[in-house]
Asker: 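If you scroll down you'll find the structure; I have some questions about it.
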Amino acid sequence: MTTTASAQPEVLDVDALIADLRVRIAVICGAGGVGKTTSAAALALRAAEAGRKVVVLTIDPARRLAQSLGVADLDNTPRPVQGIDPTNGGSLDAMMLDMKRTFDEVVLAHSTADSAASILENPFYVALSSQFAGTQEYMAMEKLGQLHTEAVESGAWDLIVVDTPPARSALDFLDAPEHLSSLLDGRFLKVLLAGARGPFRLVSVGFNLVAGALNKILGGGLLTDLQTFIAAFEAIFGGFRERATQTFQLLASPQTTFLVVATPQRDALREAAYFVDRLSDEGMPLAGVVVNRVNRTSLDVSAERALALAEDLDPTTSAIEIAALRQHADLVRVIENEQLLLDRFSAHRTTVPRTSVTALPSDVTDIGSLRRVGALLADRD
Amino acid sequence: MSRARTAARADRRPLSTSLPQQTLHVVSGKGGTGKTTISVALACALATAGRRVLVCEVEGRHGITDLFGRPPLDRAEEPRLSRTPSGGAVHGLAIDAEDALLEYLESFYHLGFAAKALDRFGAMDFATSIAPGLRDVLLTGKVYEAVRRQAKGRDDAYDAVILDAPPTGRIAQFLNIHEAVSGLAKVGPIRSQADSINAMLRAPTTVVHLVTLLEDMPVTETEEAIDQLRATQITVGTVIANMVRSMPLSDGVLQTFADGNGKLAVPGFDEADNKILAAEFGIEATRTVDHRRRRAVLDGFGKPVAEVAFDPGGIDENAVFAIADQLQDQMQLERRR
């Protein structure tokens, strides 16, 4: 037993997760810039090489990683990834989400050709499908639903790995689909819709107030656009809430598991904490936390001693040793700081399994380096 | 570090004479590059003796207050978060689109009652979420209001306003208000409000700073953001390279260690320890060689570059003040040319 006061969290066993055939969906979430996409791709590759038939849905991979995965062309269709080891009978397909195209396909699938055309060119729809902050999350969910159905029907995949959008907050991923469906299915639209159906049906003070205010602020044309949008969209409103509910149920089912990705930094761990606590509150299946870019050293020399040694050396003859010792001192301080943050994170979450991925000196851009990340993910240390 | 900071502070000039009159500093950067830290540090750098500076966040992450170890900001309040070592005040504001819309309706149209009725119908949520570009107009509109107080000579005016803006991937769209509302309002008050915000964002008093790490994706996104902002005619100020590690050795020496061929002879270390240290240094050497290459790429963007040193101790209020000193020195030098 070491002298560390804090309880050590359980270790997240990634290989056991991969080997568990009941797990059909792995959702990778976390704050922006923590390496979600890389973690998703590395997990998918490792699972494929362990024999699973995997499809990975990436959202916004770095260009060179996208090229390595063969998803540099945005075509919204899973494609086989080249260069994987098929010895264990697994396979890996990858795709990059095209948010607008996925939304367009939903519209086309749920409306007649005429109304689809008027929806697709309406300015509210254009904004909703390309700019609305929650659309990417919603469409990632939509695509996940489609892939899941396809997996069940065709048997092409037994594991779907989903990367989540670079949201302002990790929680957006859970909240956005509900938010979007409540917007499209809400009371406000019902009021406007009633107005759109005919001038005599609605004489409520509320609506006149609403319409009056909107006209005053936005000018008349806009309200017409909005009503056109709503009228045309009406046919698929009900579907939205239903689909959001279905997706939520899929996420909460035992065949799904969540991996929360963080880095040992304050912001990223705060987001991870929000997410972990939220998943616990909602009874969602959490596999554990992946902490990326953790620094380590195998040299048992304190920062103080390294600096003292550097101080005693002659800068004219030992410049490299001095630089190396100072670098080590900095590294030890970084490690201490990271450990402090990680200990605090786990202090109240001792049952949340954790795994760490050592910081790599260079970017992960090819299958070989993804394989290394996968090995680090699974390394039970 | 503290000795260097004290020395630097002793001969510092008052900022007001050395910086041009830039009243709005927009800070963007890829997620994870530290743009919130840099936003707050820049606010501290601008908050010299007697000056009041406001730092605004628009994405509800509560990152600003967290740096000062405080609870999240209450809506629409602008409390003082810090008194800087040089005697200025840094205030914080979390801008919320729905609050901004309510405030806007009340102050321009005295529509308080109607607005509340609208809110009950979910109209505020709808308008700020779906109406094309409206959300960004409202968020930047609140920033515009805070900046404009100075010209109006109001008591609650600020000498400078810092906006901790959305990440580089969305920054051009976020600031390109004119484009955003074109589908929304062709005439009317929203349009004229958008035009005023537009003019403010393109004035020489507004600059956008881009925070990056010396890593692949952040540097690429910085370049893309510069290109996109060029098209909008919004001025890019300084590219701020964050978490830069100092390293006195040449590329040649570093490459030797990166390749695993470097040897060390630290007195008191046995051979095994020297080998472990050499291997550890090799990782840092690899990273440094990469970083130096990307640092040169940043120079190619044709914008002034400021460097913020990596702080192995992590970021707290004192670390923010240290970064503020570095920004002040470098962004000052940039103006003297």
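Any value given below was found using the heavy atoms of this structure, including those in side chains, with hydrogens, waters and symmetry copies removed.
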Asker: Could you list which of residues 250-259 of chain B have a heavy atom closer than 4.5 Å to any heavy atom of chain A, in residue-number order?
Answerer: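 V253(B), F257(B), listed by number.
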Asker: For atom CG of D300(A), is the number of surrounding heavy atoms from other residues, nucleotides or ligands below 6.0 Å larger than 12?
Answerer: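 No, the 6.0 Å shell around CG holds no more than 12 heavy atoms from other groups.
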Asker: Under 4.5 Å, counting heavy-atom pairs only, tell me which of E336(A), E338(A), Q327(A) racks up the most with chain B.
Answerer: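 Among E336(A), E338(A), Q327(A), the one with the most close pairs to chain B is Q327(A).
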Asker: Tell me, for T220(B) versus chain A, whether the close heavy atoms (under 4.5 Å) come from the side chain, the backbone, both or neither.
Answerer: side chain
Asker: In terms of heavy-atom proximity below 4.5 Å to chain B, should V301(A) be classed as side chain, backbone, both, or neither?
Answerer: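 Side chain only.
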Asker: Tell me the closest heavy-atom pair linking R266(A) and I315(B), and the distance in Å.
Answerer: NH2-O, 2.6 Å
Asker: Of the backbone (N, CA, C, O) and the side chain (C-beta and beyond), which part of I283(B) lies under 4.5 Å from a heavy atom of chain A, both, or neither?
Answerer: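 Both the backbone and the side chain of I283(B) come within 4.5 Å of chain A.
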Asker: Is S318(A) close to chain B through its backbone or its side chain, or both, or neither, when contacts mean heavy atoms under 4.5 Å?
Answerer: neither
Asker: Can you tell which part of L331(A) gets under 4.5 Å to a heavy atom of chain B, answering side chain, backbone, both or neither?
Answerer: side chain
Asker: Residue by residue, which of residues 261-270 of chain B have a heavy atom closer than 4.5 Å to a heavy atom belonging to chain A?
Answerer: K263(B), L264(B), A265(B), V266(B), P267(B), G268(B), F269(B)
Asker: Please flag which part of R293(A) lies under 4.5 Å from any non-hydrogen atom of chain B: side chain, backbone, both or neither.
Answerer: neither
Asker: What distance do I322(A) atom CD1 and L249(B) atom CG have between them, rounded to the nearest 0.5 Å?
Answerer: 9.5 Å
Asker: Which of the residues T33(B), D273(B), L277(B) is involved in the greatest number of heavy-atom pairs with chain A at under 4.5 angstrom?
Answerer: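 If we count pairs closer than 4.5 Å to chain A, L277(B) comes out on top.
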Asker: Drop me the distance from L360(A)'s CG to R287(B)'s CZ, to the nearest 0.5 angstrom.
Answerer: 9.0 Å
Asker: Report the option among D330(A), L313(A), N295(A) that has the most heavy-atom pairs separated by less than 4.5 Å from atoms of chain B.
Answerer: D330(A)
Asker: Which atoms of I320(A) come close to chain B, meaning under 4.5 Å heavy atom to heavy atom: side chain ones, backbone ones, both, or neither?
Answerer: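 I320(A) touches chain B through backbone and side-chain heavy atoms alike.
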Asker: Any Lys/Arg nitrogen of D66(B) or R270(A) sitting under 4.0 Å from an Asp/Glu carboxylate oxygen of the other?
Answerer: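 Salt bridge between D66(B) and R270(A), a charged N being under 4.0 Å from a carboxylate O: yes.
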Asker: Can you say whether E284(B) sits under 4.5 Å from chain A via the side chain, the backbone, both, or neither, judging by heavy atoms?
Answerer: side chain
